[in-house]
Asker: 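The structure that follows is given in the form of structure tokens.
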Protein chains: 2
Amino acid sequence: MERSPITRRSRGTGRVRIEDVARAAGVSTQTVSRFLRAPAQVGPEASARIAAAILEVGYVPNLVAGSLASNRSRIVAIIVPTLANPVHAQPVQGLSDALRPQGFQVLVGTTDFQAETEAALIHAFIGRRVDGLAVTGGSFAEPSRQLLEAAGTPVVQLWELPEQPFDMTVGLSNAAIGARMAAHFAERGYRSLAVIGHAEASDTRSAGRVTGYCAEAKRLGLADPLVLLPQRPMLIRDATPLLDRLVIQGVEAVFCTSSQLSVVLLLNTRRLGLAIPSDLAIGGIDSDFATLVDPAITAIRVPAYDVGLKAGRLLLRRLAGEPVPERRIDTGFTFIQRGST
Amino acid sequence: MERSPITRRSRGTGRVRIEDVARAAGVSTQTVSRFLRAPAQVGPEASARIAAAILEVGYVPNLVAGSLASNRSRIVAIIVPTLANPVHAQPVQGLSDALRPQGFQVLVGTTDFQAETEAALIHAFIGRRVDGLAVTGGSFAEPSRQLLEAAGTPVVQLWELPEQPFDMTVGLSNAAIGARMAAHFAERGYRSLAVIGHAEASDTRSAGRVTGYCAEAKRLGLADPLVLLPQRPMLIRDATPLLDRLVIQGVEAVFCTSSQLSVVLLLNTRRLGLAIPSDLAIGGIDSDFATLVDPAITAIRVPAYDVGLKAGRLLLRRLAGEPVPERRIDTGFTFIQRGST
DNA sequence: TTGAAAGCGCTAACAA
DNA sequence: TTGTTAGCGCTTTCAA
């Protein structure tokens, strides 16, 4: 029960601590802490001395220690499949923009579509005691699901609208996107429809769009659309055989469920001498390039940035203890008719 | 000096702690801690009991407490202008991929090109005691510069090759990019050159390319290139007047310093009836769309992903205490000739 | 408005 | 290989 001898090496980091500021300012550490977190509670004289002392000694508060003591990290984590795809990078930007003014930082994890990586990230983020967590998708495989259920922190899901989110969700209906495009085609008088999607099973967004598209076609009394699901992401060399099939089958209008797809397709039609939209109408998902090609592509714009921004605002309300009016937020989407249909 | 009365409310978070695991496994907390960090140092029997106990009580280690105690956060921060632009989102992905296998997480901050935001982010990240910091750019305005100098943690700069980096840098020479394109044009016999850049002063990358391009043209005995610096990011409606100027001035080859620029320009030449490359040769920066247009665009590919990946590896070596052979890493770039020149 | 004491949950240092 | 002890640098609680 003796005090350890003074010879014990200090574990200190050698950095300037709040105590150094307190000493320089002639106040207690507590007053410095308050000055930093709630300046209004500190007298003007003390405030002035503390402000000067902070600059003098070059104090940068240790937020790790603060987080441990307060049990609040002021960090929000977001998990996306990849940042290489702008559609997933944008929500990170939106989240960041929503949170930065409130002093929150963004921890980002990319899964590369691997469920294992996803689970490991969720585990690590919960371990970091993040104040909030944004995850991509509406449904999760087992290890992830359980972790999210017991996260102990607000969770917001992105892009989809599950009936029973873990906590909150910000997304849109991919089925509605597909249906909207099918309805448009029908309205324009196209009778023979097709859709080009994505075979990747993990891409539930594309699957939802295909489903909604076909369902709407059926509802409108059209023949079942031709469904094409290329294995790989669309490359130029894939486009020609795909176009051949569309032409052979007498397809009048095709919906491409990803943004690059429609541009690739349209640029290739020219080489084959197809006239757009008279020989083939093309609808897609909006991107910068949808308006750069000729004709510009009729497209549905998905509000990727807004998904992140609104998720951030939702988290902020929760973290501020305010009630969240609606735990499922439908951002909707924008239909933009252009020359290709 | 009395113990405070037992009535003092506990500040505990109610979460499962390492102590709960230790009790369930019948070992000390230290042994549990070691099991998590250095399993080889723990006996097989104890290991088995601890592993079972962790699952039983559902323990998720509090990494905040661990960080405070060990003075290592296993977090690396990266600051980029925006994630909306893939050229800046890619390095984040690369950094993340390099670090994740080692258990590091990525804290990301976006500046939207605001120096103030940048400084605030650097300050906050240092406060978080990140183990490493990656920042975009070669030179920094005052508050940021000083913070980086005294960061107290490894710093790697991205995209540029300053003579005196704060610590380390991974980048490429934008002047070399410009020079390479000018040399190519000269080699192909184009005599009257132009370059379209970006007026934004903060875009030092574009500026470097323009400078290198003009310098090389001069060195090769060509007339001074026409330098066009549109104020805004390039839109379709900006392209036509720009093209008019090129034609009026008799320009034979133009270098576009950003990736979207060249595509926009090329897609517009068709409307004006210009033949590429005979009426006008176009060189640019590579992107997915450079090969989708007709003719495909001769372009320089900048290794955005690699910049982040190599920065991550550099940081890892430093954090592992290994020597870093070279503090300035030139990633180089790839020149790809296609039909547009 | 200010300060003293205790402790957040973990790991480093030391000892056995 | 395991355990004991004392912090890491803050913030909370309580008291003045």
Side-chain angles (χ1 to χ4, degrees), chain A residues 1-23 25-50 57 59-74 126-129, chain B residues 1-23 25-50 57 59-74 126-129:
Chain A
M1 290 302 167
E2 276 184 333
R3 290 225 126 227
S4 70
I6 202 142
T7 53
R8 178 188 282 271
R9 268 249 310 293
S10 162
R11 292 171 59 194
T13 57
R15 278 179 177 268
V16 176
R17 290 162 310 168
I18 199 170
E19 200 191 315
D20 302 312
V21 178
R23 197 179 309 116
V27 297
S28 72
T29 61
Q30 189 42 235
T31 305
V32 178
S33 174
R34 267 193 288 260
F35 171 78
L36 258 18
R37 289 173 299 111
Q41 290 176 33
V42 177
E45 233 179 89
S47 292
R49 290 211 310 278
I50 293 169
V57 300
Y59 175 58
V60 178
N62 184 330
L63 301 179
V64 177
S67 293
L68 179 61
S70 68
N71 199 33
R72 276 177 284 111
S73 62
R74 296 193 87 74
I126 292 173
R128 298 245 181 243
R129 300 296 190 264
Chain B
M1 289 301 168
E2 277 184 330
R3 290 226 125 225
S4 70
I6 203 142
T7 54
R8 179 187 281 270
R9 268 249 310 293
S10 162
R11 291 172 57 195
T13 57
R15 279 179 176 267
V16 176
R17 291 162 308 170
I18 199 169
E19 201 190 316
D20 302 313
V21 178
R23 199 178 308 117
V27 297
S28 74
T29 60
Q30 189 46 235
T31 305
V32 178
S33 174
R34 267 193 288 258
F35 171 80
L36 260 16
R37 288 173 298 111
Q41 291 178 32
V42 178
E45 233 180 90
S47 291
R49 289 212 310 279
I50 292 170
V57 301
Y59 175 58
V60 178
N62 185 329
L63 301 179
V64 177
S67 293
L68 179 62
S70 68
N71 199 32
R72 277 177 283 109
S73 63
R74 295 192 88 74
I126 292 174
R128 298 244 181 243
R129 299 299 188 263

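Because the structure is predicted, anything quoted here is derived from the model rather than measured. Just so we're on the same page: letters track the sequence lines, and every chain starts at 1. Just the heavy atoms: all of them, side chains too, but no hydrogens, waters or symmetry mates, feed the values below.
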Asker: If you check the B:A69 side chain, which of C:dG9, D:dT2, C:dT2 turns out closest?
Answerer: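 So the nucleotide nearest the side chain must be C:dG9.
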Asker: Distance check needed: D:dT12 P versus A:R72 CZ, whole Å only.
Answerer: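 The distance from CZ of A:R72 to P of D:dT12 comes to 6 Å, rounded to the nearest Å.
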Asker: After noting the C-alpha distance and the side-chain angles of A:I126 and B:R15, does the key distance pass the side-chain contact (heavy atoms from CB on, under 4.5 Å) rule?
Answerer: CA-CA 11 Å; A:I126 292 173; B:R15 279 179 176 267; 4.1 Å; yes
Asker: Whole angstrom is fine here: how far is it from CG in A:L63 over to P in D:dC8?
Answerer: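 Rounded to whole Å, this separation is 18 Å.
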Asker: Taking salt bridge (charged side-chain N to carboxylate O under 4.0 Å, His left out) as the definition, give me every residue that meets it alongside B:R23, ordered by chain and number, with sequence neighbours left out.
Answerer: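 Once residues adjacent in sequence are excluded, the partners of B:R23 under the salt bridge (charged side-chain N to carboxylate O under 4.0 Å, His left out) criterion are B:E19, B:D20.
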Asker: Are any of A:T13's side-chain N or O atoms less than 4.0 Å away from OP1 or OP2 of D:dG9?
Answerer: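 A:T13 to D:dG9 OP1/OP2: side-chain N or O found under 4.0 Å.
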Asker: Which of the following nucleotides, D:dC10, C:dC10, D:dT4, is nearest to the side chain of A:A65?
Answerer: D:dC10
Asker: Sequence neighbours left out, what pairs pass side chain to side chain donor-acceptor pair (under 3.5 Å) with at least one residue falling in residues 35-49 of chain B?
Answerer: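 Listed by first then second residue: B:S33-B:R37.
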Asker: Nearest to the side chain of A:S28, heavy atoms from C-beta on, is which of C:dA4, C:dG7, C:dG9?
Answerer: C:dA4
Asker: Taking only the side-chain nitrogens and oxygens of B:S70, find out if one of them lies under 4.0 Å from OP1 or OP2 of C:dT11.
Answerer: no
Asker: Within the structure shown, what part of the strands sits under 4.0 Å from B:N71 by heavy-atom distance: base, sugar-phosphate, or nothing?
Answerer: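 No contact.
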Asker: Check the distance between D:dC10's C1' and A:R74's CZ and give it to me in whole angstrom.
Answerer: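 Interatomic distance, CZ of A:R74 to C1' of D:dC10: 15 Å.
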Asker: Describe the nucleic acid contact of B:V64 in one word from base, sugar-phosphate, nothing, applying a heavy-atom distance below 4.0 Å.
Answerer: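 Since no nucleic acid heavy atom lies under 4.0 Å of B:V64, the category is nothing.
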Asker: By a strict heavy-atom criterion of less than 4.0 Å, which residues belonging to residues 33-46 of chain A are in contact with DNA chain D?
Answerer: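 Heavy-atom cutoff 4.0 Å gives A:S33, A:R37.
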Asker: Quick one: list whatever passes side chain to side chain donor-acceptor pair (under 3.5 Å) with A:S28, sequence neighbours left out.
Answerer: A:T31
Asker: Applying side-chain contact (heavy atoms from CB on, under 4.5 Å) to B:S67 and A:R128, what does each step give before you reach the verdict?
Answerer: CA-CA 9 Å; B:S67 293; A:R128 298 245 181 243; 4.2 Å; yes
Asker: Taking only the side-chain nitrogens and oxygens of B:Y59, find out if one of them lies under 4.0 Å from OP1 or OP2 of C:dC10.
Answerer: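 Yes, such a contact exists.
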Asker: What is the nucleic acid contact for A:I18, judged by heavy atoms within less than 4.0 Å: base, sugar-phosphate only, or nothing?
Answerer: sugar-phosphate
Asker: Round to a whole Å and report the spacing from CZ of B:R129 to P of D:dC8.
Answerer: 13 Å
Asker: Whole-Å distance between D:dT5 P and B:E19 CD?
Answerer: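 Rounding to the nearest Å, CD of B:E19 and P of D:dT5 are 14 Å apart.
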Asker: How would you list, by chain and number, every residue that makes a side chain to side chain donor-acceptor pair (under 3.5 Å) with A:Q30, sequence neighbours excluded?
Answerer: none
Asker: Which whole-number value in Å describes the distance from A:Q30 CD to D:dA15 P?
Answerer: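 From A:Q30 CD to D:dA15 P: 15 Å.
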Asker: Rounded off to whole Å, could you give me the CG-to-C1' distance for the B:N62 and C:dG9 pair?
Answerer: 6 Å
Asker: I need the CZ-P distance between B:R128 and D:dG9, as an integer number of Å.
Answerer: 17 Å
Asker: Does the B:S73 side chain pair with the main chain of B:R129, one donor and one acceptor, at a distance under 3.5 Å?
Answerer: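 Yes.
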